[in-house]
Amino acid sequence: METVLIENRYAACQSETDIPCTIENQIVKDPWDGLEPHEIATVQSGHPIVRSELFHDTTQDDEQTKVLMRAAFTVGMPIELVWQWIGRVELLCRYLPRLESSPVAWRQDDKVAVDFTVTLWELSMFGLDLSFRIHYRVLHRNFVDEKRLFFWLDKSVSSDVDMLEGYWKAFSLTDNRTLLRYQARVNLKWFLPLWVQSVLLHQEFPAAVEAAIRFIESDGNMIKSQLGVGCQ
């Protein structure tokens with residue numbers, strides 16, 4: 001899989017908020033920023049664009065290779081209705097395939113901390129049900145008026161994730177058509193090789209995007225068949 005180089009444009013950046021400036025500065029400003037003409041045509045025709053690729057991150061001190069995930073898709077609903085579901089991050093476990101639970105740890109104004117438990121794989125062997133789960137806490141800050149939501153790893157608590165940060169951004173195309181842009185950079189801990197992470201995310205990310213579209217367009221009524229323990 002090709003490795004993308006992210007330039008060191010933001011290494012010395014400073015944020016006026018607690019949001020990491022590496023994601024504040026990378027959020028798209030225009031609906032079609034960063035998309036090729038054929039990708040724009042695909043999204044406009046109602047099909048999502050989903051990318052998952054390795055990249056060499058020079059915006060961090062460690063300059064590690066990580067996984068970059070990006071998506072662009074439209075939803076046939078007004079932007080205000082769409083955003084009410086994007087902002088309900090505690091409900092992610094209701095529709096994301098491998099997310100078992102997403103309880104709120106705490107809330108403060110427009111900021112919320114959510115504890116995630118994700119099942120990476122399950123296996124039945126010799127009458128035993130085996131599974132591998134990871135746990136981590138993510139901080140979210142929702143700017144409702146601007147339709148921007150930033151999320152990043154809470155490093156103050158123990159975690160199975162080494163790095164996670166990203167954003168949601170919504171644009172109103174028409175009264176009943178909303179464009180959603182998503183980006184996340186992720187790296188799990190040392191116990192899972194990067195190529196394995198890349199394969200898992202490359203396989204699971206499109207399914208997660210499709211589930212998000214169905215959940216939003218159902219006005220929150222589409223819930224996956226099996227909810228994990230602790231999922232609201």
Side-chain angles (χ1 to χ4, degrees), residues 9-10 13 15-36 39-52 68-96 99 102 104 106-114 116 137-154 164-186 205-206 208-222 232:
R9 290 178 292 168
Y10 312 126
C13 68
S15 175
E16 297 180 357
T17 69
D18 55 354
I19 302 169
C21 54
T22 48
I23 53 173
E24 270 196 303
N25 290 345
Q26 291 191 37
I27 191 169
V28 292
K29 306 298 191 299
D30 180 87
W32 310 113
D33 275 354
L35 297 179
E36 299 293 335
E39 293 177 320
I40 295 174
T42 297
V43 175
Q44 289 177 332
S45 68
H47 300 285
I49 290 293
V50 182
R51 303 183 197 163
S52 177
L68 176 67
M69 299 183 295
R70 290 180 282 189
F73 57 91
T74 60
V75 178
M77 295 170 63
I79 192 170
E80 296 295 338
L81 294 180
V82 170
W83 200 253
Q84 73 174 355
W85 296 115
I86 294 296
R88 298 287 303 278
V89 291
E90 71 277 12
L91 301 182
L92 288 169
C93 63
R94 290 191 177 188
Y95 59 90
L96 291 184
L99 183 58
S102 52
V104 172
W106 52 263
R107 290 183 185 272
Q108 184 179 1
D109 300 326
D110 60 357
K111 193 173 176 181
V112 57
V114 178
F116 291 106
R137 177 175 292 179
V138 179
L139 305 176
H140 304 76
R141 192 161 182 194
N142 187 2
F143 295 85
V144 177
D145 292 341
E146 301 172 15
K147 302 300 181 288
R148 297 183 299 154
L149 187 148
F150 296 100
F151 56 89
W152 64 99
L153 184 68
D154 184 352
L164 172 65
E165 61 182 34
Y167 66 79
W168 283 98
K169 172 65 178 167
F171 298 91
S172 181
L173 300 181
T174 68
D175 289 344
N176 290 295
R177 178 63 58 177
T178 299
L179 171 69
L180 284 166
R181 299 291 302 271
Y182 172 91
Q183 177 172 305
R185 302 189 296 174
V186 61
F205 187 37
V209 170
E210 291 289 350
I213 294 172
R214 293 195 302 270
F215 180 78
I216 294 169
E217 290 190 331
S218 74
D219 205 20
N221 293 313
M222 193 288 296
Q232 299 181 19

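Worth knowing before you read on, the calculation uses all heavy atoms, side chains too, and leaves out hydrogens, waters and symmetry mates. Worth saying up front: this structure is predicted, and the values here are computed from it rather than measured.
Evaluation of the side-chain contact (heavy atoms from CB on, under 4.5 Å) rule for Ala211 yields Tyr95, Pro97, Arg214 as partners, not counting sequence neighbours. Applying the side-chain hydrogen bond (donor to acceptor under 3.5 Å, both in side chains) criterion to Asn176, with sequence neighbours excluded, gives no partner residue. Shown here are the side-chain contact (heavy atoms from CB on, under 4.5 Å) partners of Ile27, two or more places apart in sequence or in another chain: Lys29, Arg148, Phe150, Tyr167, Lys169. Taking the side-chain hydrogen bond (donor to acceptor under 3.5 Å, both in side chains) definition, one finds that Glu217 meets it with nothing, sequence neighbours left out. Residues that satisfy the side-chain contact (heavy atoms from CB on, under 4.5 Å) test with Asn221, not counting sequence neighbours, are Ser218, Asp219.
Phe151 and Gln183 get closest at one heavy-atom pair: CZ-O, 3.8 Å. In terms of heavy atoms, Ala170 sits closest to Thr178 at CB-CG2, 4.1 Å.
Put simply, the side chain of Phe171 reaches to within 4.5 Å of the side chain of Val28, judged on heavy atoms. In this structure the side chain of Ile86 reaches within 4.5 angstrom of the side chain of Ile216, judged on heavy atoms.
Each salt bridge (charged side-chain N to carboxylate O under 4.0 Å, His left out) pair with one or both residues in residues 77-86, not counting sequence neighbours, appears once here: Glu80-Lys147.
Of the N and O atoms on the side chains of Trp83 and Asn142, at least one donor lies less than 3.5 Å from an acceptor on the other residue.
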* **Chi angles and distances behind the side chain to side chain contact (heavy atoms under 4.5 Å, CB included) call for Arg107, Glu90** => CA-CA 11 Å; Arg107 290 183 185 272; Glu90 71 277 12; 3.3 Å; yes
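The aromatic ring centres of Phe205 and Tyr182 sit less than 6.0 Å apart.
Taken to the nearest 0.5 Å, the CG atom of Leu35 stands 4.0 Å off from the CZ atom of Arg181.
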